[in-house]
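Quick notes on the structure that follows.
Order of the sequence lines sets the chain letters (A, B, ...), proteins ahead of strands, with each chain counted from 1. Both backbone and side-chain heavy atoms feed into the values below; hydrogens, waters and symmetry mates do not.
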Protein chains: 2
Amino acid sequence: MITLRKTGSFFVGGRSISVTGQTPYQVRLSSTGTREYDPNGTYWIEGAYVQYFLQAEPRYEVPLVLMHGGGLTGAMWEDTPDGRPGWLQLLLEAGMSVYVVDNVERGRAGFCALDDVWPDRPLSRSDEEAAQIYRFGYAGHRFPSEAMQGLSAQTVPRWPSTRGLQQQALIDVVTRVGPCALLGFSQGGGLVFGAAREARELVRACVALEPHGVPASFDGNLAGTPALMVFGDFIEDSEHWRALANHADASIAAWNAAGGLAERLDLPALGIRGNTHMMMMDTNSDEVFRVVLDWLGPRIAADRQRS
Amino acid sequence: MITLRKTGSFFVGGRSISVTGQTPYQVRLSSTGTREYDPNGTYWIEGAYVQYFLQAEPRYEVPLVLMHGGGLTGAMWEDTPDGRPGWLQLLLEAGMSVYVVDNVERGRAGFCALDDVWPDRPLSRSDEEAAQIYRFGYAGHRFPSEAMQGLSAQTVPRWPSTRGLQQQALIDVVTRVGPCALLGFSQGGGLVFGAAREARELVRACVALEPHGVPASFDGNLAGTPALMVFGDFIEDSEHWRALANHADASIAAWNAAGGLAERLDLPALGIRGNTHMMMMDTNSDEVFRVVLDWLGPRIAADRQRS
């Protein structure tokens, strides 16, 4: 059961752009023949979409901002590909207010289709590339492979050039939301740590699931802010994942050198085996969720002991 | 206050596509240098995304499916551009279970970025084109123009060629959801009437807000199914809108000739003036919502008299 005061969304960040001097042209519409299309005019681009779910009686002091991974959207936090409840449902049942981001170019944030604004073209991720990067090939993995279509359907194109825009947009999101905790996955894990570095006065806790692109340094004082990086199974079996885990270790050390309280959690060390990169979709996604909530909850509970 | 049993999402429709024979190439990633990208492989494309909000205690016999307009996503039903509660919030407060569609290419459904699959390129809608098509130029209009940026930010590119894919995907959505009512806006208004034609045994009521692309005929027996087309103000002042209203009238006549119970409702005839195409975002969006709910509610109420 979920009792909300309010759900809705807002757009944040981005910029206005003006197109001039283009020649209008005819386009074919599938429903009604052709019409003239004039590309000249004013557009708002490079913002982020944020859908929010505000508890009627939140059980935590601050809300949680969810940041998706590369080639994905906020839909990744909803039902798993095989139709089980996603982490969004579990978070709401736990009494947490949640902000779900679709970052620049992804999902409802929309992408920029104007000529000559972004320097590159979007790339699509094949099922085969996904299976390789997400560690679906290891014996004993827990991704529900029979439901690969559900993951494939929610995988969207990504532009290689937009990370800086996404980092700025997430900082804009945090500034708009105010005091909060952050939970990011993969590319989004790097982005939440980057946002925590830039908006540290607003971030009460920061969690990344198998992050990519984490900062190597944190200037100034993190004032005891707790942070967590979570890894699944088979990390040591993959050169790609060993390298990312090493980056994570360095970022954790930098966070702590700046006065924060960061730690790394490997699920196999808790006896939880078989988790792939898509740990929020794996067949034991509820169990992984519980590990994350057990860490995060006490650090942002409304009735926690204040230090 | 909103009390939900469940929220989440699923993907429906679409097809698998295989890319072969392409040469991998290097791409530049903004975060981590370059990497090889291999476009060969398997992809799932042309599905729709459906986010659902299921009431703990629904007050209606069937849920409502919301279908966005062209160049927009399901976000259009959430907060208005000037930050007031959107129709999604109002529907949920009214005790209705709701399915919000992002159709093929839009929002979280994602688009197909593979070469040579879709025949055209996406078009962006400028603020100037929006203002003209949406009737923001008339004296006394009620769009919150000071918040144009909020509408611009949620406007996304559209492909002119995808209407047939979107029609099929919406039929797939209705088939998956089961018995339901439909509410579509603009392009989505044409799509909901098209879906009602193809899946009539599942559609209990059909509402379109200023629809575009409505069917000119309905084969077979609509068995008394109620339908409504709603128009705002300034319709007669615009050649474009007069034409669309004429299409609507013809479609209503065809619906009724097939045994249905369709009607047209012009808000000015109720004394409600100033509504633009974006009536769910206009400053009196709550009032327009009430008109729609007053029509729809009794037709799908859980405790209604059965005919």
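Put simply, the side chain of B/Q154 never gets that close to the backbone of A/R108: no donor and acceptor are under 3.5 Å apart. For the pair A/Y37 (side chain) and B/S124 (backbone), a donor-acceptor distance under 3.5 Å is present. The backbone N or O of B/T7 sits nowhere less than 3.5 Å from a side-chain atom of A/E78 that would complete a donor-acceptor pair.
Proximity to chain A is absent for every atom of B/A48, based on heavy atoms less than 4.5 angstrom apart. Only the side chain of B/Q51 comes within less than 4.5 Å of a heavy atom in chain A; its backbone stays farther off.
Closest approach of A/Y43 to B/D127, counting heavy atoms only: CA-OD1, 4.5 Å. Summarising the geometry of A/P160 relative to B/V27, their closest heavy-atom pair is CG-CB, 4.5 Å, with the distance given to 0.1 Å. In this structure, B/A56 and A/M1 approach most closely via the heavy-atom pair CB-SD, 3.3 Å. In plain terms, the two heavy atoms of A/Q89 and B/K6 that are nearest each other are OE1-CA, 3.4 Å.
Taken from OG in B/S126 to CG in A/L114, the straight-line distance is 9.5 Å, to the nearest 0.5 Å.
Each of A/M148, A/R106, A/R121 has some count of heavy-atom pairs under 4.5 Å with chain B, and the biggest count is that of A/R121. Taking chain B as the reference chain and counting heavy-atom pairs below 4.5 Å, the highest number among A/S9, A/A113, A/S152 is found for A/S9. Note on A/G41, A/G110, A/A153: by heavy-atom pairs under 4.5 Å with chain B, the leading option is A/A153.
Using a 4.0 Å cut-off between a side-chain N of Lys or Arg and a carboxylate O of Asp or Glu, A/R28 and B/D120 do not qualify as a salt bridge.
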